[in-house]
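In what follows, a single structure is set out as structure tokens and then discussed.
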Amino acid sequence: MNKLADLVDKPKNIQEKPSEIAALLLAWYDQNKRELPWRRTNDPYAVWLSEIMLQQTRVDTVIDYYLRFLERFPDIGSLADADEGDVLAIWKGLGYYRRARNLHQAAIVVHDRYSGNFPRTYPEIRALPGIGDYTAGAIASIAYNLPYPAVDGNVLRVATRLLGLEADISQQKTQKQIAEMIREMIPKDRAGEFTQALMELGAMCCTPNTPGCRDCPWRTVCTAHRTHRETVLPVKKKAKKAARFDYWTALVCNDGDILMEYRSNTQLLGNMWGLPLVQKESASSAEELFRRDWELDLRFIKYLGSVRHVFTHQVWQMDVILFSLKPDSEVKSGLAWISREKLKDLPIPKAFQKVLQLMI
DNA sequence: CTCCGGTCGA
DNA sequence: TCGACCGGAG
């Protein structure tokens, strides 16, 4: 380990020197790791419990639950014998209660199929309920020192920064790529500590918004740091939240005919039939908007209700009003009176079917 | 209020 | 591949 001093001022390429880069991390971990209850043991049951609780949940929150759980259910046998209600009672307040149900179910599987001994191979561990790729890798490496990667959100962030990887981390392809890269870095004799060190680095140093690069063991080898991209990595497809649209929707009836719109092919649901819509504006009434946009002189009869329709990329909130119109009014092109019988023969998308339902 | 995140099932 | 599950943080 005398070599560590040499490494500090020399940029290393990750592909060339994965073991030296791993060594830098482990040396940092030895000095800086937090003392956490689940780090005092390699007992697979305790490691498993901690990893399940740590899914989607902060360390500070988990500590008390973890200790209480182990006190109440000190081993797999006691958990397998418990009533689900008692397991859920201990879990109360921690959230994601399916984790507790799966934990209980898995304990029963371990009890029945493995005579109460937690399985020792990755495929067997991975097959237990509630255990996905990440948790299986974490348990295999931490409890048994097996060289499997455990890639969670922390590790995705640390890895993309180290490599300067611009790929979208929400894609499975990217996650597999990173898992393979991590797998190659795992020191055979310290797999479990390497797993924990990576996550500790992500939690304590390589944080999302203001990473503490000055204190980072990888500051000399990190591509993102060298190129000042710490805060733009990782790249994640922005969960393009659907745009919201609030509409007034006119149901205008005349002798059993309904005023419909044939939608232009340039808009959403084009070349199909719908109802006249106007986008709400707080300064104007529905009547004013329909006069302005559709040249309709409508008279309010009744509010019929609200229809919500979700597309992949937009959400429509349609407040539906029943209107009357002077019997022999002209309607501009694009609008047409459609008899109720003909409605069922026309292409009318679901969003407007829901509106028409309000009339029945 | 919005955003975040492992696993699972649709 | 995407939403539901939940509570905490911003």
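For A:E261, the salt bridge (charged side-chain N to carboxylate O under 4.0 Å, His left out) criterion is met by A:R263, not counting sequence neighbours.
For the pair A:M199 CE and B:dG5 P, the interatomic distance rounds to 15 Å; values are reported in whole Å. Between the CH2 atom of A:W91 and the P atom of C:dG7 there is a distance of 12 Å, given to the nearest Å. Taking atom OH of residue A:Y65 and atom C1' of nucleotide C:dC6, one finds them 12 Å apart after rounding to whole Å. One can place CZ of A:R157 at 12 Å from P of B:dC4, the figure rounded to the nearest angstrom. Rounded to whole angstrom, the span from the CG atom of A:L88 across to the C1' atom of C:dC5 amounts to 14 Å. Straight-line distance from the CE atom of A:M53 to the P atom of C:dC5: 22 Å, rounded to whole Å.
No hydrogens or angles considered: a donor-acceptor pair under 3.5 Å links the side chains of A:Y134 and A:E51. Donor-acceptor pairing under 3.5 Å is recorded for the side chains of A:R99 and A:T57.
Centroid-to-centroid, the aromatic rings of A:F118 and A:Y114 stay 6.0 Å apart or farther.
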Exercise for review: Would you please test A:W48 and A:I125 for side chain to side chain contact (heavy atoms under 4.5 Å, CB included) and show each step?
Suggested key: CA-CA 10 Å; A:W48 171 36; A:I125 296 168; over 6 Å; no
Tabulated below should be each protein N or O lying under 3.5 Å from an N or O of nucleotides 8-10 of chain C; please produce it.
none

For nucleotides 6-10 of chain B, print each protein N/O atom paired with a nucleotide N/O atom at under 3.5 Å, atom names and distance only.
residue	atom	partner	partner atom	Å
B:dG6	OP1	A:G153	N	3.2
B:dG6	OP2	A:G153	N	3.4
B:dG6	O4'	A:Q56	NE2	2.9
B:dG6	N9	A:Q56	NE2	2.7
B:dG6	N7	A:Q56	NE2	3.4
B:dG6	N3	A:Q56	NE2	3.2
B:dT7	OP1	A:G132	N	2.8
B:dT7	OP1	A:G132	O	3.4
B:dT7	OP1	A:T135	N	3.0
B:dT7	OP1	A:T135	OG1	2.6
B:dT7	OP2	A:D133	N	3.4
B:dT7	OP2	A:Y134	N	3.3
B:dT7	O2	A:R98	NH2	2.6
B:dC8	OP1	A:G130	N	2.4
B:dC8	OP1	A:I131	N	3.4
B:dC8	O4'	A:R98	NH2	3.3

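The shortest non-hydrogen separation linking A:E200 to A:N32 is OE2-O, 4.3 Å.
The side chain of A:K236 places an N or O atom within less than 4.0 Å of a non-bridging phosphate oxygen (OP1 or OP2) of B:dG5.
Considering NZ of A:K33 and CD of A:E35, their distance stands at 6.0 Å, rounded to 0.5 Å.
Tested against A:L201 for a side chain to side chain contact (heavy atoms under 4.5 Å, CB included), the candidates A:V155, A:T207, A:V158 yield a single pass: A:V158.
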